[in-house]
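Report on the structure given below.
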There are 2 protein chains.
Amino acid sequence: MTKEEDILKKHISKHRLKVTKERYAVLKAFMALERHITAEELYRHMKDKGASVGLATIYRTLNLFCESGLAEQRQFGDGQARYELTYNVNHHDHLICRQCNKIIEFENREIEKLQEEVAKKHHFKIFSHRLELYGTCATCTKNNK
Amino acid sequence: MTKEEDILKKHISKHRLKVTKERYAVLKAFMALERHITAEELYRHMKDKGASVGLATIYRTLNLFCESGLAEQRQFGDGQARYELTYNVNHHDHLICRQCNKIIEFENREIEKLQEEVAKKHHFKIFSHRLELYGTCATCTKNNK
DNA sequence: TCTAAATTGAGAATCATTATCATAATCAAT
DNA sequence: ATTGATTATGATAATGATTCTCAATTTAGA
Ligand SMILES: [Mn+2]
Ligand SMILES: [Mn+2]
Ligand SMILES: [Zn+2]
Ligand SMILES: [Zn+2]
């Protein structure tokens, strides 16, 4: 059993939910695919692979992952939520290329620290934050010439 | 004529659009109301004041303001777009209280500078960015005790 | 004033996500 | 293993914010 399966199972038993093959199938596919995936993308992928699960269940299960602390939902402004496994992944923010939709992750402790200072100055308790830089990636900039 | 009206007019003539009383009415109401307003809120407000304009026109006009550089659209994750006049307003980011929905603005040149460094490191050209800190404001924290 | 082009408003359409609900699966107690 | 209560699933309907459609109206330049 992977550590992720274990975390999911713990969350399930803690909340009197039930272990199902669908939940394992979604977790397996979710972990196999690349980060920042869409519910629809995950649905299509599983359908193509024969491990079909209803789209509503995909949504429900991705939300379950988020509640269990395995994953996080992102909104990059294209109208579709994206999900990524964040268990055992360092916190990071994103650069998003508006041209090719590439998503680049970065970590910057200095920025995080300054954010905390801003919050402290306003006596504000931060639960979460989002920092996204939108623009054109190196590859697209090169190709534009 | 206010400077904002002037900017709108210039944008209109530049794009061969037309000056209408509806556009002026929306601008006037938009400027009178507080920042980070919703299309629906603006619509209701104008309806109550007798300066009624169709909801579709509110959306169209707010988008026009964004295109003309007068305003910017924000997405704070509650499913509704919010708009704020940004002409002659310093760039800023936001603290959002999840409890009372208060929105606090802040400016931090250090963070902006670090963002530029991150982009440079990835040879990424930034067009825009969003930084939002979500949590509980000072007032709500006090009231929670 | 005349006319082409743009705008408006009411309602339909869109689209991602959630809700509904009948059926099926799970699980704890027996 | 069987039972029974509870939860999950999946097909589909519903939702809700925003955009689209289109006939009627308004604007702006000649
Ligand atoms: Mn990421
Ligand atoms: Mn603001
Ligand atoms: Zn790119
Ligand atoms: Zn608050």
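Numbers restart at 1 for each chain; the letters A, B, ... are given by sequence-line order, proteins then strands. Treat the numbers as computed from the prediction; the structure is a model and nothing was measured.
- Within a heavy-atom distance below 4.0 Å of DNA chain C, the residues of residues 8-23 of chain A found are A:Lys18, A:Val19, A:Lys21.
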For residues 27-35 of chain A, which side-chain N or O atoms pair as donor and acceptor with protein atoms under 3.5 Å away, sequence neighbours left out?
| from | atom 1 | to | atom 2 | distance (Å) |
| --- | --- | --- | --- | --- |
| A:Arg35 | NE | A:Glu84 | OE1 | 3.2 |
| A:Arg35 | NE | A:Glu105 | OE2 | 2.8 |
| A:Arg35 | NH2 | A:Glu84 | OE1 | 2.7 |
| A:Arg35 | NH2 | A:Leu85 | O | 3.4 |

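- Across the helix from C:dT1-D:dA30 to C:dT30-D:dA1, the helix axis at one end is tilted relative to the axis at the other end by 30° (nearest 10 degrees, each axis from five pairs).
- Annotation: proximity of residues 41-54 of chain B to DNA chain C (heavy atom, distance under 4.0 Å) is found for B:Val53, B:Gly54, numbered in ascending order.
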Only distances under 3.5 Å count here; give the side-chain donor-acceptor pairs of residues 41-54 of chain B to other protein atoms, sequence neighbours excluded, each with its distance to 0.1 Å.
| from | atom 1 | to | atom 2 | distance (Å) |
| --- | --- | --- | --- | --- |
| B:Glu41 | OE1 | B:Thr38 | N | 3.0 |
| B:Tyr43 | OH | B:Lys47 | NZ | 3.1 |

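- Here salt bridge (Lys or Arg N to Asp or Glu O under 4.0 Å) pairs that include residues 58-73 of chain A, with residues two or more places apart or in two chains, are A:Glu72-A:Arg74.
- Taking the ring-ring contact (aromatic ring centres under 6.0 Å, His included) definition, one finds that B:His122 meets it with nothing, sequence neighbours left out.
- Shown here are the ring-ring contact (aromatic ring centres under 6.0 Å, His included) partners of B:Phe76, two or more places apart in sequence or in another chain: B:His94.
- The salt bridge (Lys or Arg N to Asp or Glu O under 4.0 Å) pairs that include a residue from residues 120-144 of chain B are A:Arg130-B:Glu132, A:Glu132-B:Arg130, B:Arg130-B:Glu132, where partners are two or more places apart or lie in different chains.
- If you chain together ILVMFWY residues whose side-chain heavy atoms come under 4.5 Å of each other, A:Ile111 ends up grouped with A:Leu95, A:Ile104, A:Phe106, A:Leu114, A:Val118, A:Phe124, A:Ile126, A:Leu131, A:Leu133, B:Leu95, B:Ile104, B:Phe106, B:Ile111, B:Leu114, B:Val118, B:Phe124, B:Ile126, B:Leu131, B:Leu133.
- Counting 5' to 3', DNA chain C first comes under 4.0 angstrom of a heavy atom of chain A and last does so at the ends given by C:dA16 to C:dC27.
- Contacts classified as salt bridge (Lys or Arg N to Asp or Glu O under 4.0 Å) and involving residues 15-26 of chain B (residues at least two apart or in different chains) are not found.
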